[in-house]
Amino acid sequence: MNKVRTGIMGCTGLVGQQFVRMLRGHPYFEVVALTASKLSAGKKYEDAVDLLLEDYVPEYARNIVVEETSARNLQKNKVKVVFSGLPSQVAKTIESDLADKGICVFSNASAHRMNSEVPVLIPEVNPDHLELVRS
């Protein structure tokens, strides 16, 4: 099975670090892009992140060069799914832009929670919502 090309936005923050950790060795997702602010862009992930969760960087992510968060950078990496750990103010625009470009966005931000066209996925409650992102 081919893994889905995946990106993590806000990879150096607390939520982003959790995504990096949880996607380590995932059977369905291959993390091919890590994005953050201009401050982290251009650095290897292991040099850009100030660890908040664990005392090590997962092997797979260490040498991925962090890119500035933009739709262009994610499209360049042929990402099909992104996990967003962005603050709501930043997430509001880019997440909509990515969805308009056909990239599935799983977000921890509150920016779109009240939008009736944006499904809320709680795997323990409504796993059938995953069908909405099958391609």
Side-chain angles (χ1 to χ4, degrees):
M1 174 184 170
N2 291 333
K3 291 186 176 186
V4 178
R5 295 179 65 83
T6 304
I8 299 172
M9 299 189 300
C11 67
T12 59
L14 181 61
V15 174
Q17 287 181 44
Q18 185 76 344
F19 284 135
V20 169
R21 186 183 66 77
M22 291 176 69
L23 291 171
R24 172 183 53 223
H26 198 281
Y28 305 122
F29 300 110
E30 176 188 8
V31 177
V32 297
L34 297 174
T35 75
S37 70
K38 291 179 185 179
L39 295 172
S40 299
K43 298 177 184 175
K44 290 181 186 177
Y45 182 69
E46 69 180 341
D47 297 328
V49 68
D50 182 15
L51 293 174
L52 300 169
L53 294 171
E54 296 181 347
D55 59 354
Y56 72 98
V57 174
E59 181 68 36
Y60 87 90
R62 287 184 181 167
N63 293 314
I64 296 177
V65 175
V66 176
E67 298 182 74
E68 188 173 349
T69 301
S70 73
R72 188 179 124 281
N73 283 336
L74 291 162
Q75 286 181 298
K76 174 186 75 176
N77 285 293
K78 297 182 171 97
V79 166
K80 299 292 182 197
V81 170
V82 294
F83 291 88
S84 175
L86 297 173
S88 289
Q89 284 301 102
V90 178
K92 190 171 191 167
T93 303
I94 186 133
E95 289 177 0
S96 295
D97 190 27
L98 291 170
D100 289 345
K101 294 178 182 335
I103 296 174
C104 297
V105 179
F106 290 90
S107 178
N108 193 57
S110 63
H112 301 286
R113 283 190 190 145
M114 300 310 287
N115 183 333
S116 62
E117 294 181 10
V118 177
V120 173
L121 172 66
I122 304 169
E124 297 85 359
V125 175
N126 59 358
D128 54 306
H129 280 191
L130 283 170
E131 292 300 319
L132 296 170
V133 294
R134 289 210 188 270
S135 51

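Among pairs with a residue in residues 74-86, those fulfilling salt bridge (charged side-chain N to carboxylate O under 4.0 Å, His left out) read Glu67-Lys76, at least two apart in sequence or across chains.
Minimum heavy-atom separation, Asp97 to Ala71: OD2-CB, 3.3 Å. For the residue pair His26 and Lys3, the shortest heavy atom distance occurs at O-NZ, 2.8 Å. The two atoms that bring Ala91 and Leu86 nearest to each other are CB-CB, 4.0 Å, heavy atoms only. Of all the heavy atoms in Ala48 and Lys43, the pair that sits closest is CB-CB, 3.9 Å.
The ring pair (Phe, Tyr, Trp, His ring centres under 6.0 Å) search around Phe83 returns Phe19, Phe29, Phe106, not counting sequence neighbours.
Using modelled atom types, one side-chain atom of Arg5 and one backbone atom of Asn77 make a donor-acceptor pair closer than 3.5 Å.
In this structure, OG1 on Thr69 lies 10.5 Å from CD on Glu95, to the nearest 0.5 angstrom. A distance of 7.5 Å separates CD1 of Ile8 from CD1 of Ile64, quoted to the nearest 0.5 Å. Taken to the nearest 0.5 Å, the CG atom of Asn2 stands 9.5 Å off from the CD atom of Glu30. Residue Gln17 holds its CD atom at 8.5 Å from SG of Cys11, rounded to the nearest 0.5 Å. A distance of 10.5 Å separates CG in Leu34 from OG1 in Thr6, rounded to the nearest 0.5 Å. Expressed to the nearest 0.5 Å, how far OH of Tyr56 lies from CZ of Arg21 amounts to 7.5 Å.
Side-chain atoms of Leu74 and Met9, non-hydrogen and from C-beta on, do get closer than 4.5 Å to each other.
In this structure, Val79 is not a member of the same hydrophobic cluster as Met22, with clusters built from ILVMFWY side-chain heavy atoms closer than 4.5 Å. The hydrophobic cluster containing Tyr60 also contains Tyr28, counting ILVMFWY residues as joined when their side-chain heavy atoms lie under 4.5 angstrom apart, directly or transitively. Under a hydrophobic-cluster definition in which Ile, Leu, Val, Met, Phe, Trp and Tyr are linked whenever side-chain heavy atoms come within less than 4.5 Å, directly or via other members, Val49 and Val65 are assigned to different clusters. Grouping the Ile, Leu, Val, Met, Phe, Trp and Tyr side chains by contacts below 4.5 angstrom, directly or via other members, places Ile94 apart from Leu39.
Crowding of Arg24 atom CZ: a count of heavy atoms from other residues, nucleotides or ligands under 6.0 Å exceeding 12.
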